[in-house]
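Working notes, structure below.
Each ligand, and each atom within it, is numbered from 1 in the order the structure gives.
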Amino acid sequence: MNVRIMQAQDIVTVLGIEQSANQFPWDIKSFQDSLKTGYQAWVFYKKTEEIVGFAIVQRVLDEAHLLNICVKPAAQGRGLGKAIIQHVIDYANSISAVIILLEVRRSNERAQQLYLQSGFNEMSVRKGYYPAKEGREDAILMAMDLDLMSFFSQ
Ligand SMILES: CC(C)(COP(=O)(O)OP(=O)(O)OC[C@H]1O[C@@H](n2cnc3c(N)ncnc32)[C@H](O)[C@@H]1OP(=O)(O)O)[C@@H](O)C(=O)NCCC(=O)NCCS
């Protein structure tokens with residue numbers, strides 16, 4: 001799998017993947033604003049240039065916030081999610097971030113499994129953070145302490 005910086009012309013494809021993989025997808029403006037604001041955004045693509053996933057990270061001083069990560073449904077379950085997370089970790093280390101933070105829906109067990117396997121821990125719960133089919137849904141706030149990770153990898 002290859003990676004490059006997300007460009008404005010990728011947004012239509014990225015939006016399609018987002019809509020096909022999420023019940024409550026980001027809208028086009030969220031992607032446009034992310035690029036305008038200068039968030040770190042990548043697309044992951046096959047040899048054929050077909051985009052199969054993406055990730056968007058906001059850098060806040062020495063923190064990296066993973067705002068969105070998505071793999072095209074047809075390409076899920078083959079290790080791409082793990083590879084994208086590793087790319088995000090490498091990026092966070094390259095900017096000397098001390099922590100990576102993210103929010104995930106309580107019902108999204110698949111993503112939570114991926115994060116736990118990758119070294120994230122559950123920090124807290126944000127009550128009713130997301131819109132849901134009926135009412136609201138909690139977010140689990142997860143974090144990876146990069147200082148601790150580098151300590152253990154030495
Ligand atoms: C979450 C997501 C990025 C994972 O991508 P993926 O390419 O399917 O993930 P991987 O193939 O690398 O699998 C990584 C781990 O996820 C978990 N996982 C994958 N498929 C799963 C499934 N069907 N059920 C439960 N857990 C699953 C497993 O723990 C897996 O590790 P393992 O293969 O060693 O058991 C992808 O499912 C996705 O894009 N979902 C929609 C968008 C989304 O939910 N984004 C996260 C928002 S916080």
Problem - Minimum side-chain heavy-atom gap N68-F31 below 4.5 Å - result: yes
Completion exercise
CG (L35) and CD1 (I11) are apart, to the nearest 0.5 Å, by 4.5 Å
Handout entry: Is_contact(atom 45 (N) of ligand 1), protein non-hydrogen, under 4.0 Å
Key = yes
Exercise for the section: Walk me through it: do D33 and S30 pass the test side chain to side chain donor-acceptor pair (under 3.5 Å)? Expected result: CA-CA 5 Å; D33 289 349; S30 303; over 6 Å; no
Problem - Distance from atom 14 (C) of ligand 1 to nearest protein heavy atom, with residue and atom - result: L114 CD1, 3.6 Å
Practice task
Please state which part of F44 comes within less than 4.0 Å of ligand 1, counting heavy atoms only: side chain, backbone, both or neither.
Solution key: neither
Problem - Those atoms of ligand 1 less than 4.0 Å from some heavy atom in G79 - result: 10 (P), 11 (O), 12 (O)
Exercise for the section: For L80, take its heavy atoms, then give the atoms of ligand 1 lying under 4.0 Å from any of them. Expected result: 7 (O), 12 (O)
Exercise for the section: Could you tell me whether the side chains of Q112 and N108 share a donor-acceptor contact shorter than 3.5 Å? Expected result: no
Fill in the blank from the handout: Contact region, E103 to ligand 1, non-hydrogen atoms below 4.0 Å, reads backbone
Problem - Test item: D10 side-chain N/O and Q7 main-chain N/O as donor-acceptor pair under 3.5 Å - result: yes
Exercise for the section: Answer yes or no: is there a side-chain heavy-atom contact under 4.5 Å between L116 and M142? Expected result: yes
Handout entry: Pairwise side-chain contact, R110 with L114, heavy-atom cut-off 4.5 Å (strictly under)
Key = no
Exercise for the section: Could you see which bit of Q117 sits under 4.0 Å from ligand 1, with heavy atoms only: side chain, backbone, both or neither? Expected result: side chain
Problem - Protein heavy-atom partner closest to atom 19 (C) of ligand 1 - residue, atom, separation in Å - result: R110 NE, 3.6 Å
Handout entry: Protein contact to atom 8 (O) of ligand 1 [nearest heavy atom, distance to 0.1 Å]
Key = G77 N, 2.8 Å
Handout entry: Side chain, backbone, both or neither: the part of N108 lying under 4.0 Å from ligand 1 by heavy atom
Key = side chain
Practice task
Compute the shortest N/O to N/O distance between I69 and ligand 1 and return yes if it is under 3.5 Å, no if not.
Solution key: yes
Handout entry: Options K82, Q112, E109, ranked by nearest heavy atom to atom 34 (O) of ligand 1, top entry
Key = K82
Exercise for the section: Answer yes or no: is there a donor N or O on one side and an acceptor on the other, between the side chain of N22 and the main chain of F24, under 3.5 Å? Expected result: no
Handout entry: ligand 1 versus N22: contacting region, heavy-atom distance under 4.0 Å
Key = side chain
